[in-house]
Amino acid sequence: MHDRTEATRLMAQTRDDQRRAIELEPENEQGVLNLVEANLCDAQAQAAFDLAGTLWMRLKEPHNRVICAWLGALTALAAGIPQARWTEYRTLLAARETALSPTAWGLVEVEQWLARIEEIHQLFLSYFSEAGPAIR
């Protein structure tokens with residue numbers, strides 16, 4: 001319980017720090033992308049989706065557009081946003097028009113978030129026989 005409270009406090013502090021950094025340097029694309037990611041991983045999917053949409057309109061760097069499309073699509077899925085509202089993100093990701101360097105973005109936070117989703121999904125699937133659910 002204490003660890004969860006501390007983690008929540010640290011995430012809130014991180015988001016506050018990122019917001020302040022963006023206020024000081026609003027053109028910092030990486031800074032805004034970091035805040036999108038922090039909101040997503042802290043169950044603020046709607047806020048993350050809204051922020052990604054605002055950033056999407058002004059992105060200049062192609063690699064940042066790819067990162068924003070990825071985060072935007074994940075936040076849309078997490079927030080239950082209809083696909084019609086984020087088709088541009090999927091289209092850009094599918095186009096593979098640019099390559100990312102190995103240091104373009106860190107995946108730790110999002111992969112931890114996805115791992116928690118996968119863990120819960122696997123726990124649910126464990127209730128079915130080896131054959132799994134009848135409809136998949």
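Looking at Leu35 and Asn39, their side chains come closer than 4.5 Å, going by heavy atoms from C-beta outward. Leu71 places none of its side-chain heavy atoms less than 4.5 Å from the side chain of Phe49. Contact of the Leu40 side chain with the Gln44 side chain is not registered, since no non-hydrogen atoms from C-beta on lie closer than 4.5 Å. Proximity of Ile67 to Glu29: side-chain heavy atoms (C-beta onward) are nowhere separated by under 4.5 Å. In this structure, the side chains of Glu118 and Leu114 stay at 4.5 Å or more apart for every pair of heavy atoms. Looking at heavy atoms from C-beta onward, Thr91 lies out of side-chain contact with Glu88 at the 4.5 angstrom threshold.
Across every non-hydrogen atom of Leu100 and His63, the tightest pair is CD2-CB, 3.4 Å. Closest heavy-atom contact between Ala52 and Gly72: CB-CA, 4.1 Å. Annotation for Val110 and Leu74: closest pair CG1-CD1, 3.7 Å, computed over non-hydrogen atoms.
Taken from CD in Glu61 to SG in Cys68, the straight-line distance is 13.0 Å, to the nearest 0.5 Å. Taken from CG in Leu51 to CD in Gln46, the straight-line distance is 11.5 Å, to the nearest 0.5 Å. Note that CG of Asp50 is 8.5 Å distant from OG1 of Thr75, once rounded to the nearest 0.5 Å. To the nearest 0.5 Å, atom CD of residue Glu111 and atom CD of residue Glu109 are 10.0 Å apart. To the nearest 0.5 Å, the span separating CZ on Arg65 from CG on Leu33 amounts to 11.5 Å.
A 6.0 Å sphere centred on CZ of Arg96 holds no more than 12 heavy atoms belonging to other residues, nucleotides or ligands. Around atom CZ of Phe128, more than 12 heavy atoms belonging to other residues, nucleotides or ligands sit under 6.0 Å away.
Checked against the 6.0 Å centroid threshold, Trp70 and Tyr89 do not count as a close aromatic pair.
Of the N and O atoms on the side chains of Trp105 and Gln30, not one donor lies less than 3.5 Å from an acceptor on the other residue.
Hydrophobic clustering (side-chain heavy atoms under 4.5 Å, transitive across Ile, Leu, Val, Met, Phe, Trp, Tyr) groups Val32 together with Leu107.
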